[in-house]
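The structure appears right after this line, and notes come after that.
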Amino acid sequence: MSFSAWLSSSRKAQSISQAVLAAKLGVTQAQVSQWETGKAEPKPEHMAKLEKLLGKPSGAPTKAARSQAPASEPPPSAEAPRSSKGKKGGASSQAVVGFEETLWLAADKLRGSMDSSEYKHVVLGLLFLKYLSDAFEDRRKDIVEDDPENDLEDRDQYVSENVFWVPEPARWETLQSFAKHPSIGEKIDKAMEAIESENPALKGNLNKDYARPTLDKTRLGELIDVLSGIQLTAGDDHRSKDVLGRVYEYFLAKFAAAEGRLGGDFYTPSSVVRTLVEMLEPTQGRVYDPCCGSGGMFVQSEKFLEAHGGKRGDIAVYGQESNATTKRLAVLNLAIRRIEAEIAWGDTFRKDHHADLKANYILANPPFNVSDWGGDKLKADVRWKFGTPPEGNANFAWLQHIAHHLDPSNGLAGVVLANGSMSSQQSGEGAIRQAMDEADLVDAMVALPGQLFYTTQIPVCLWFLAKNKAEKRFRKRQGQVLFIDARKLGTLVDRVHRELTDEDLAKIAGTYHAWRGQKGAGTYEDVAGFCKSATLAEIASHDFVLTPGRYVGAEEVEEDGEPFEAKMKRLTAQLEAQLAEGAKLDAEIRKNLRGLGYGR
């Protein structure tokens with residue numbers, strides 16, 4: 001892997017924007033961009049800081065790295081070396097080659113005619129089992145290195161280091177030996193049962209249906225062989241940065257794309273999640289997602305926390321998911337990163353498992369415009385402080401549920417909703433939105449570009465709520481709302497999908513941070529066509545519609561300095577020349593047609 005590719009992938013994997021990295025290194029964002037495009041290389045002092053932040057790069061060293069290495073030192077291996085002591089660090093697993101796409105293509109080739117929604121549980125379950133076994137073997141080697149006389153089957157030696165205990169029948173080498181055997185499905189099911197039995201935190205969350213007759217055992221064995229060639233840990237105790245975390249997240253995105261609309265039930269595009277996390281910056285306290293899907297909000301929050309010097313224990317994670325299968329995906333997604341969480345299964349509206357929770361941060365992507373949410377049975381619910389949500393649309397039920405769970409002293413929330421939530425006047429939604437505005441609960445509104453989601457073409461927006469706009473971390477901003485129109489941002493990654501770049505994220509989050517008076521964020525200014533700080537009186541004049549386009553106005557167009565009369569003469573002459581050229585071409589076409597016997 002080239003240095004520029006390593007730098008870009010490692011930085012993104014740790015959720016560090018170019019701007020943040022530049023600040024940490026004491027350079028400009030333009031310099032970081034040049035390093036990532038291969039137009040320049042960092043100086044030795046900057047390279048040393050990069051290695052401290054991101055680990056040592058794999059592949060060819062930069063000039064800076066070569067200038068620091070002894071003449072006799074061989075060039076670094078293209079493969080990241082394993083630390084001799086997993087618990088004591090070593091090469092960052094972000095430096096391991098980016099094989100996600102290759103692995104996906106190999107695994108997808110074995111899918112055959114199986115439906116994607118079914119196949120994802122086959123693949124992700126095996127990925128998790130492979131991870132458990134790899135982490136177990138890493139710890140096993142450490143135990144031997146500590147003392148060759150140590151008992152390798154002492155369960156406490158593993159659990160004490162936060163490594164799941166893997167019984168012998170569930171270890172990967174055992175399963176791999178049966179890969180070509182017709183009983184491989186039964187062996188995997190028994191392995192899953194044994195792991196759940198030994199690790200209560202995983203109880204009821206592993207897929208134990210590999211022995212079913214409809215699952216092709218030959219393809220299943222081939223899939224095991226594909227996964228067997230990949231080391232899913234890199235000897236680094238920070239397992240949130242392990243290779244499996246990257247693979248698992250990559251596969252979730254691929255399955256979401258393959259399933260289309262239904263994929264939205266378990267996956268939110270990473271650039272949307274990162275926007276929420278970068279704006280809210282959850283660094284300490286209770287983090288909650290009432291419709292957590294596969295746990296992406298929590299994973300990104302943890303990445304942000306560690307990238308900014310925090311510790312995993314600084315946040316406590318709470319979630320709820322109505323789909324039992326998706327809830328299991330979340331448990332596994334968090335378990336491979338060693339994120340402890342209270343994830344409940346059940347309908348958030350009808351059975352709120354965290355009823356007494358007051359969260360410091362809430363991040364959520366509720367299902368859009370849900371009509372059958374049980375509103376007819378919840379008309380007098382304590383959560384509806386701003387009005388009873390309509391039975392035919394759950395958007396304002398979600399917003400009020402989230403507002404209800406915010407800590408009154410400093411609670412902040414970021415919510416993804418359909419654009420209609422900003423302007424709808426149907427079934428009392430306008431009155432609820434007005435009540436929320438008048439209670440000064442809305443902090444910011446962001447209109448996002450289209451095509452961000454694999455699963456829907458519905459235009460979406462971000463709602464940011466603040467329970468206390470006078471809290472001491474930021475400036476007092478009562479009676480004000482920030483509007484950001486980000487619809488022109490983003491880059492197409494293929495014909496139909498768009499992603500927000502690091503620069504886009506930095507622009508959106510930086511604007512919000514400056515507006516709320518965050519230390520070190522700079523001075524806020526309204527920018528025509530992009531952002532506007534509006535008062536409640538201005539919002540009232542727009543009938544409490546919160547669409548950013550109403551407030552930010554049109555982007556200013558630079559004057560070119562050319563007088564109007566001169567410009568009109570120039571453009572008229574240009575038009576006449578083009579019309580003359582068009583007439584000439586028309587005559588030539590008619591002449592050619594007559595030569596073929598078709599013209600007159």
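Just so you know, these numbers come straight off a predicted model, no measurement behind them. Reckoned from all heavy atoms, side chains included, excluding hydrogens, waters and symmetry mates.
Aromatic ring pairs are classed by plane angle as parallel below 30°, tilted from 30° to 60° and perpendicular above 60°; the pair Y131 and F128 is tilted.
Closest heavy-atom contact between P167 and I195: CD-CG1, 4.2 Å. A330 and G295 get closest at one heavy-atom pair: CB-N, 3.9 Å. A pairwise comparison of heavy atoms in N410 and R473 identifies O-NH2, 3.3 Å as the closest pair. Contact record, V287 with P282: CG2-CB, 4.2 Å, taken as the closest heavy-atom pair. When all heavy atoms are compared, the tightest approach of P290 to I402 is CG-CG1, 4.1 Å. Here the shortest heavy-atom pairing between A211 and D189 reads N-OD2, 3.0 Å.
Taking 4.5 Å as the limit, some side-chain heavy atom of I224 sits within range of a side-chain heavy atom of I188. Contact of the L152 side chain with the V144 side chain is registered, since non-hydrogen atoms from C-beta on lie closer than 4.5 Å. Counting heavy atoms from C-beta outward, V331 and K327 have side chains that approach closer than 4.5 Å. Two residues are said to be in side-chain contact when any heavy atoms from C-beta on lie closer than 4.5 Å; F298 and I343 meet this criterion. No side-chain heavy atom of D289 sits less than 4.5 Å from a side-chain heavy atom of L363. By the 4.5 Å heavy-atom criterion applied to side chains, L412 and N360 are not counted as neighbours. Side-chain contact between P42 and M47 is present, with at least one heavy-atom pair separated by less than 4.5 Å. Between D225 and K180, some side-chain heavy-atom pair lies under the 4.5 Å cut-off.
Between the side chain of Q320 and the backbone N or O of G346, at least one donor-acceptor pair lies under 3.5 Å. Between the N199 side chain and the L202 main chain, no donor and acceptor come within less than 3.5 Å of each other. No donor-acceptor pair under 3.5 Å is formed between the side chain of H181 and the backbone N or O of G221. R286 places a side-chain N or O within donor-acceptor distance of the main-chain N or O of K358, the cut-off being under 3.5 Å. Of the possible polar contacts, none joining the H497 side chain to the L452 backbone as a donor-acceptor pair under 3.5 Å is found. For the pair D151 (side chain) and E153 (backbone), a donor-acceptor distance under 3.5 Å is present. No donor-acceptor pair under 3.5 Å is formed between the side chain of E161 and the backbone N or O of R139. Proximity of a side-chain donor or acceptor of N205 to a complementary backbone N or O of K203 within less than 3.5 Å is detected.
We find the NZ-CD distance between K190 and E193 to be 8.5 Å, quoted to the nearest 0.5 Å. Note: L175 CG to K187 NZ = 9.0 Å, rounded to the nearest 0.5 Å. Separation of atoms CD (E340) and CG (N162) is listed at 7.0 Å; rounding is to 0.5 Å. To the nearest 0.5 Å, the span separating CZ on F3 from OG on S10 amounts to 9.0 Å. Summarising the geometry, atom CD1 belonging to I339 is positioned 7.0 Å from atom CD1 belonging to I315; distances are rounded to the nearest 0.5 Å. We find the CG-OG1 distance between N207 and T325 to be 9.0 Å, quoted to the nearest 0.5 Å.
Qualifying side-chain hydrogen bond (donor to acceptor under 3.5 Å, both in side chains) partners for D504, counting only residues two or more places apart in sequence or in other chains: T501. Qualifying ring pair (Phe, Tyr, Trp, His ring centres under 6.0 Å) partners for H354, counting only residues two or more places apart in sequence or in other chains: Y288, Y318.
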(request) With side-chain contact (heavy atoms from CB on, under 4.5 Å) as the test, would you mind laying out the steps for T174 and E168 before giving the verdict? (result) CA-CA 7 Å; T174 302; E168 195 279 331; 3.0 Å; yes
(request) Step by step, work out the side-chain contact (heavy atoms from CB on, under 4.5 Å) result for L276 and Q300. (result) CA-CA 9 Å; L276 291 173; Q300 196 62 46; over 6 Å; no
(request) Give the C-alpha distance, both sets of side-chain angles, the deciding distance and a yes or no for side-chain contact (heavy atoms from CB on, under 4.5 Å) between L126 and L220. (result) CA-CA 10 Å; L126 286 178; L220 181 59; 3.8 Å; yes
(message) Run the side-chain contact (heavy atoms from CB on, under 4.5 Å) test on V416 and L462 for me, step by step, so that the C-alpha distance in whole Å, both residues' side-chain angles and the decisive distance to 0.1 Å come before the verdict.
(response) CA-CA 5 Å; V416 186; L462 304 180; 3.6 Å; yes
(message) Applying side-chain hydrogen bond (donor to acceptor under 3.5 Å, both in side chains) to D352 and H405, what does each step give before you reach the verdict?
(response) CA-CA 11 Å; D352 185 358; H405 279 288; 2.7 Å; yes
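Partner of F136 under the ring pair (Phe, Tyr, Trp, His ring centres under 6.0 Å) criterion, out of W172, F164, Y158: Y158 alone.
Remark: R328 does not engage E196 in a salt bridge, criterion side-chain N to carboxylate O under 4.0 Å.
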